[in-house]
Amino acid sequence: MAHHDVLFHQTFHDSPIGMLIADAEGKVVSVNRAFTHMFGHDGDGLQGRQAESLTHPDDVGRERELVHKLVAGEQRSYQVQKRLLHHSGDVVWTRSTVSKVVDHAGDAQYVAQIEDVTEVRKAKDLLSRRTLHDPLTGLANRALVLDRLSVSIDAHRNRETTVACLFLDIDHFKLINDSLGHEAGDALLVELARRIQHAVRAGDTVARLGGDEFVVVLDDIAHQDVAEDLLATVCTAVQSPFVVEGHEVVPTVSAGLALAQPGVSAESLMRNADTAMSHAKARGRNRREVFTERLRESALVRLSIEAELRSAIREGELVVHYQPIVDLASRTTVALEALVRWNHPTRGLLLPQHFIDVCEDADLVVPLGAFVLHEACRFIAERPEYTGRVLVNVSTRQIGAADLTRVVRAALQSTGVDPSRIGLEITESGMLLATQAAHADLVALSDMGIDLIIDDFGTGYSALSSVLQNPVAGLKLAREFTLRLGDGSTGDRISTAVATLVNSLDMYGVIEGIETEAQYRQALRHGWRLGQGFLFNHPVPADQIDTSLAAPSREQTAAG
């Protein structure tokens with residue numbers, strides 16, 4: 001054997017890199033010790049076996065193309081990352097460098113140098129996963145889903161089917177997250193991710209964009225009805241009960257659907273689905289909407305309203321009207337509720353339902369709330385003859401992080417008004433789901449002498465004991481129950497029960513929405529002492545309020 005042949009064989013067998021020699025037909029001629037150690041095979045047992053049988057089936061096709069170029073002389077060697085199979089069946093990621101050589105007899109052979117890069121590959125995959133996947137749920141993130149969406153749109157350009165995008169937002173998730181804690185919120189998100197994945201088809205992509213927003217890419221959609229059916233399936237899956245931290249939560253979802261039109265980009269398609277979702281949320285949540293050009297126009301109008309609203313707060317276009325709360329026995333006014341209105345320069349006087357959602361979304365509710373509080377205090381300070389109270393609605397966003405106590409104290413100090421003259425109305429769900437910081441804010445307000453009232457009582461989903469963990473002084477029964485007075489059934493039973501509860505706890509209680517004499521008589525029979533509604537008066541500007549009222553007793557000011 002020639003000296004160079006001896007040297008080659010010695011180098012071959014002693015090399016720390018796995019090496020394999022195959023003949024022109026692709027059969028194994030020899031492997032070295034490093035190879036047998038790396039893959040657990042018996043070297044002698046591999047001789048005569050097709051080398052490609054050691055390659056993972058998914059990588060065989062690509063390697064055949066490279067071998068063909070080597071045989072044809074198009075290239076002298078190639079390097080490829082591929083998966084080889086361990087004797088145990090495990091997959092080993094390798095970097096293989098394959099070269100064509102000629103033996104002493106003039107026959108072509110192929111030498112493969114093989115390095116185990118499994119750990120490197122795992123590290124890269126982990127980095128890629130962290131870059132392209134949501135760490136909490138393991139779902140695709142925004143970057144990956146936009147890429148998938150773009151690929152899908154390109155793939156469907158010449159097909160009869162199309163691509164659809166679903167945009168899902170979990171209703172009231174922030175309240176759940178803040179009240180039960182972030183660990184509970186994370187557990188709920190993980191469960192919702194699992195439900196959505198199980199509800200869609202195998203080839204669909206599910207992503208979490210962060211927070212409580214999820215996106216689904218639906219391929220091969222023949223027509224809109226198919227996409228709507230899939231969206232309905234997802235929404236149904238989301239809405240089954242889930243127990244977290246001992247609390248049963250029934251999640252609901254606001255959802256939007258958009259179908260790809262010719263020329264649409266991935267970003268535009270996702271934005272269209274988002275616009276449809278926002279419309280569903282604005283229409284009351286727990287709804288599904290399909291994107292149309294009309295919705296795009298509506299979104300542009302909403303942006304315009306937001307800009308105008310910022311200007312309105314700055315330029316003083318907002319005004320406060322006042323609606324009386326009356327002692328039902330005498331029908332005399334004992335308190336007033338302050339209600340904000342927008343004196344729009346072109347659209348006239350707008351009620352809160354026309355702008356309060358925009359206000360919440362644009363984080364304008366805190367300055368708006370501060371304005372109403374200061375106006376209510378100024379109303380009292382400028383009318384010494386008025387001895388009743390003024391009630392002001394506050395949003396959950398004003399409590400806790402926004403430091404409502406500081407805002408109220410500033411309003412009282414600047415006007416010289418006593419805290420006992422102001423009451424704050426907070427929704428039942430807002431009171432229940434108050435964070436620790438919000439609860440501390442409520443306690444501080446109560447300690448100041450401010451009465452806290454649960455507004456729209458009966459529309460939440462809590463046990464009364466949970467609500468009363470906060471320093472509650474009274475409640476207002478939601479007007480939807482007033483509409484059912486006299487039904488001889490649920491409406492009357494609820495009204496009577498809540499009135500009895502209020503009186504037994506010596507709390508303030510107001511029945512809202514009284515519009516007819518019949519409702520008024522029923523409310524009296526059920527035991528209500530205070531009421532509010534159009535029967536007594538509509539909300540009117542401050543200069544139309546008759547403030548020559550006798551000083552009401554604490555019992556009379558149950559609204560307070």
Side-chain angles (χ1 to χ4, degrees), residues 319-341 349 351-352 372-394 411-412 415 417-425 449-457 473-479 481-482 485 495 498-499 502-503 506-560:
V319 295
V320 176
H321 288 190
Y322 297 87
Q323 185 176 27
I325 295 165
V326 305
D327 172 61
L328 290 179
S330 62
R331 296 176 77 143
T332 57
T333 299
V334 296
L336 299 167
E337 181 179 1
L339 298 162
V340 69
R341 302 288 187 262
L349 195 68
L351 300 181
V372 177
L373 272 166
H374 278 83
E375 284 295 294
C377 289
R378 191 163 66 85
F379 176 93
I380 295 171
E382 292 177 353
R383 293 165 177 79
E385 74 280 5
Y386 175 61
T387 54
R389 295 187 178 188
V390 176
L391 308 187
V392 178
N393 293 279
V394 295
L412 294 173
T415 56
V417 170
D418 188 271
S420 63
R421 304 290 301 283
I422 292 291
L424 301 179
E425 297 186 13
I450 302 287
D451 278 341
L452 306 179
I453 301 98
I454 303 172
D455 194 16
D456 290 333
F457 183 78
L475 58 84
K476 298 176 78 172
L477 184 67
R479 56 178 42 84
F481 295 106
T482 306
L485 293 182
S495 173
V498 177
V502 165
N503 294 329
D506 193 28
M507 295 174 65
Y508 298 154
V510 182
I511 183 168
E512 294 186 282
I514 296 178
E515 298 181 2
T516 67
E517 290 290 340
Q519 291 171 344
Y520 167 69
R521 291 191 296 270
Q522 286 284 354
L524 276 174
R525 278 197 290 270
H526 293 166
W528 289 98
R529 299 177 184 176
L530 297 169
Q532 184 178 7
F534 294 163
L535 178 65
F536 311 115
N537 208 340
H538 287 69
V540 294
D543 58 8
Q544 295 182 28
I545 294 289
D546 180 6
T547 55
S548 57
L549 305 175
S553 66
R554 177 175 173 83
E555 182 178 89
Q556 282 180 311
T557 54

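All figures in this text were calculated on a predicted structure; none of them were measured in a lab.
- Rounding to the nearest 0.5 Å gives a distance of 11.0 Å between CG of Leu485 and CD of Glu515.
- When the side-chain contact (heavy atoms from CB on, under 4.5 Å) test is applied to Arg341, the partners found at least two apart in sequence or on another chain are Val319, His321, Leu339, Leu349, Leu351, Pro352, Pro539.
- Contact record, Ala338 with Ala376: CB-CB, 4.4 Å, taken as the closest heavy-atom pair.
- Among residues two or more places apart in sequence or in another chain, the side-chain contact (heavy atoms from CB on, under 4.5 Å) test is passed with Leu524 by Leu328, Tyr520.
- Geometrically, Arg383 engages Phe379 in a cation-pi contact, judged by NZ or CZ lying under 6.0 Å from the ring centre and within 45° of the ring axis.
- Using modelled atom types, one side-chain atom of Gln323 and one backbone atom of Asn537 make a donor-acceptor pair closer than 3.5 Å.
- In this structure, the side-chain hydrogen bond (donor to acceptor under 3.5 Å, both in side chains) partners of Gln522, at least two apart in sequence or on a different chain, are His526.
- A search for side-chain hydrogen bond (donor to acceptor under 3.5 Å, both in side chains) contacts involving Asn393 returns Glu337, not counting sequence neighbours.
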Would you check, one step at a time, whether the test side-chain contact (heavy atoms from CB on, under 4.5 Å) holds for Arg331 with Leu535? CA-CA 10 Å; Arg331 296 176 77 143; Leu535 178 65; 3.9 Å; yes
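- Remark: of the listed residues Ile514, Thr332, Ile325, Ile514 is the sole one forming a side chain to side chain contact (heavy atoms under 4.5 Å, CB included) with Phe536.
- Here the side chains of Ile453 and Lys476 are in contact, with some heavy-atom distance below 4.5 Å.
- With sequence neighbours excluded, no residue forms a side-chain hydrogen bond (donor to acceptor under 3.5 Å, both in side chains) with Asp543.
- Using a distance-only test at 3.5 Å, with no hydrogens or angles considered, a donor-acceptor pair links the side chain of Arg389 to the main chain of Ser420.
- Interatomic distance, CD of Glu375 versus OG1 of Thr415, reported as 11.0 Å (0.5 Å rounding).
- Checking Leu477, Leu475, Leu530 one by one against Val510, the side chain to side chain contact (heavy atoms under 4.5 Å, CB included) holds for a single residue, Leu530.
- Here Arg525 contributes atom CZ and Ser495 contributes atom OG; the two are 10.5 Å apart, rounded to the nearest 0.5 Å.
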Please walk me through it: do Asn503 and Trp528 pass side-chain contact (heavy atoms from CB on, under 4.5 Å)? CA-CA 8 Å; Asn503 294 329; Trp528 289 98; over 6 Å; no
Stepwise, does the side-chain contact (heavy atoms from CB on, under 4.5 Å) test hold for Tyr386 with Ile545? CA-CA 10 Å; Tyr386 175 61; Ile545 294 289; over 6 Å; no
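- Rounded to the nearest 0.5 Å, atoms CG (Asp451) and CZ (Arg421) are 13.0 Å apart.
- Looking at residues two or more places apart in sequence or on another chain, you find no side-chain hydrogen bond (donor to acceptor under 3.5 Å, both in side chains) involving Arg521.
- Of the possible donor and acceptor atoms, none in the side chain of Thr333 sits under 3.5 Å from a partner among the backbone N and O of Val326.
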Kindly determine whether Leu412 and Ile450 satisfy side-chain contact (heavy atoms from CB on, under 4.5 Å), including the steps that lead there. CA-CA 11 Å; Leu412 294 173; Ile450 302 287; 4.2 Å; yes
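- Residues Arg378 and Val417 have side chains not in contact (no heavy-atom distance under 4.5 Å, counting atoms from C-beta outward).
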